[in-house]
Amino acid sequence: MINEYIGVLDSGVGGLSILSELYKVMPDKNYIYVGDTKNIPYGTKTPFEVYSYTKDILNYFLKNNVKNVVIACNTTSAVAYDELKKEFENKLKIFPLIQSIASYAVEGLKDNDTIALLATRATVNSKKYEQEINKINSKINVVSLDCTGFVEIVENRLYSNPKSIELIKSKLEIVKKSGARRVILGCTHYPYLIEIFKKILDVEYFNPAISLAQKVKNEINFKGSGEIKFYSTINPDEFKKSAKMFFDIQDEVGLINL
Ligand code: DGL
C-alpha cells in the first residue's frame, strides 16, 4: 500500500512551529514538510509571487501522494489562499492558517478590546486578520504591526544580535502603547522568538499552532506510520540548523527544485 502524507508548507523553518503541534496531536500520520528557502521571505513579495511559489509546492505535493495540505504560513493564507483554493479544491483539502484560527485568537475578548497582530508586511497589508476577526466581532480593535526583519532573525539565528533585540523592542513598544492585552503571533516564524518577546513585554501571546493542529486533527482520518520527510528549496544544511528549536532533525533534509 502507498503511504498517504499530510503536506505542510512555509517559506522556511517557520511552519515547523505548526508541524510540531500537528505531530504532537497526530503522531501516527505521515508528513512532507517543504520550506521554500529559495524564495524566502514571502512577506515582502507580491501576492502573485507568493501564489506562484505556493502553486509549485502544491503541484509537488500532488505528485507525492498528499491529499491534505496545511498552509503553515500566514502570508500565503492571507494573499494567495483564495486563488489557490479555486484551482486545487477538487484535488486537495487545504487548511489555511488565518481563516482556520481567527475565532480562537479572539476567544474571551469583549467589545472595544484591543488585540495586536505581529505579522509580515504582506499579511498586514492584506488586512485578512482584521476581516476574519471582525466577522466574529466587529467591535474588536486590531492593531497590526509590520515586523519585516523578524523572519531573517530566525532563519539566520541572529537571536542575540543587538540589532535584532532593538528591532523587536521597537515593535513591542508600540504594542504596549496600544493597550492590547493579547498579541497574535501572526507569522509562523515568530514562536521561535517567544522567549525574547516575553522578556520585553509581559502580555498574553497567542500562538495559532495549537488551535490549527486541533482543527486539522478533527477533520483528517487516515492511517499512517509517523514518518516525516523534510525538504527545502535551497541550502538544506542551513535549514536543518535553523530548525533546531522545533525539530532536531537527525536525517538529511532533502533538496527539491521546484
Ligand atoms: N512564516 C511565514 C508566515 O507565517 C512567512 C514569512 C516570510 O517568508 O516572510 O507569514
Side-chain angles (χ1 to χ4, degrees), residues 7-22 33-58 69-82 84 94-102 104-105 116-130 132 144-158 164 167-168 171 183-194 197 205-213 216 230-235 238-239 242-243 245-247 258:
V8 183
L9 69 91
D10 181 45
S11 59
V13 295
L16 296 175
S17 63
I18 303 284
L19 180 63
S20 70
E21 289 303 327
L22 290 167
Y33 183 91
V34 174
D36 187 12
T37 44
K38 187 171 71 180
N39 296 309
I40 199 168
Y42 279 8
T44 51
K45 303 292 189 321
T46 64
F48 182 72
E49 284 170 318
V50 176
Y51 158 81
S52 308
Y53 306 146
T54 312
K55 183 176 167 179
D56 289 346
I57 301 173
L58 294 184
V69 173
V70 177
I71 300 188
C73 174
N74 291 268
T75 307
T76 304
S77 306
V79 305
Y81 169 67
D82 292 344
L84 293 165
I94 304 178
F95 295 88
L97 209 170
I98 302 171
Q99 297 83 338
S100 305
I101 61 84
Y104 302 95
L117 169 73
L118 306 181
T120 66
R121 180 170 304 154
T123 300
V124 168
N125 286 346
S126 76
K127 302 213 178 300
K128 197 53 132 190
Y129 265 101
E130 281 90 332
E132 293 295 321
S144 301
L145 298 177
D146 167 358
C147 296
T148 299
F150 283 18
V151 166
E152 287 78 359
I153 297 173
V154 173
E155 288 290 330
N156 302 311
R157 305 180 295 284
L158 300 170
S164 308
L167 177 66
I168 294 170
K171 298 296 171 186
V183 173
I184 302 173
L185 303 178
C187 168
T188 53
H189 281 76
Y190 301 173
Y192 287 81
L193 301 169
I194 186 82
F197 290 168
Y205 292 94
F206 175 79
N207 177 0
I210 298 162
S211 317
L212 180 62
V216 176
F230 296 95
Y231 295 97
S232 73
T233 53
I234 204 168
N235 294 338
E238 281 301 299
F239 176 92
S242 300
M245 197 176 291
F246 285 100
F247 277 94
L258 296 174

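One-based numbering, in listed order, for ligands and for the atoms of each.
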Which atom of Gly186 lies closest to which atom of Thr123, heavy atoms considered: O-CG2, 4.4 Å

Should Glu130 and Ser144 be marked as a side chain to side chain donor-acceptor pair (under 3.5 Å) after you check the CA-CA gap, both sets of side-chain angles, and the distance that decides it? CA-CA 9 Å; Glu130 281 90 332; Ser144 301; 2.8 Å; yes

Heavy-atom pair with the smallest gap, counting every atom of Ser17 and Ser20: O-OG, 3.3 Å

Centroid separation Tyr192 to Phe246 less than 6.0 Å: yes

Heavy atoms of Ala72 and Leu97 approach each other most closely as C-CD1, 3.9 Å

Of all protein heavy atoms, the one nearest atom 5 (C) of ligand 1 is Ser11 OG, 3.4 Å

Checking a contact table here: which protein heavy atom is nearest atom 10 (O) of ligand 1, and how many Å away? Thr75 OG1, 2.6 Å

Please list, in number order, the atoms of ligand 1 under 4.0 Å from a heavy atom of Asp10. 1 (N), 2 (C), 5 (C)

Result for ring-ring contact (aromatic ring centres under 6.0 Å, His included) between Phe247 and one of Tyr33, Phe230, Phe239 points to Phe230

Of all the atoms in ligand 1, which lie at a distance below 4.0 Å from a heavy atom belonging to Val151? 6 (C), 7 (C), 9 (O)

Need the ligand 1 atom indices (1-based, order shown) with element for anything under 4.0 Å from a heavy-atom of Thr120. 6 (C), 9 (O), 10 (O)

Check each of Gly14, Gly43, Cys147 against atom 9 (O) of ligand 1 and report the one with the nearest heavy atom. Gly43

At under 4.0 Å between heavy atoms, is it the side chain or the backbone of Ile40 that contacts ligand 1, or both, or neither? side chain

Which bit of Thr188 gets closer than 4.0 Å to ligand 1, counting heavy atoms only: side chain, backbone, both or neither? both

Quick one: nearest non-hydrogen protein atom to atom 7 (C) of ligand 1, plus distance? Tyr42 N, 3.3 Å

Can you list the steps and then say if Arg157 with Ser242 is a side chain to side chain donor-acceptor pair (under 3.5 Å)? CA-CA 6 Å; Arg157 305 180 295 284; Ser242 300; 2.7 Å; yes

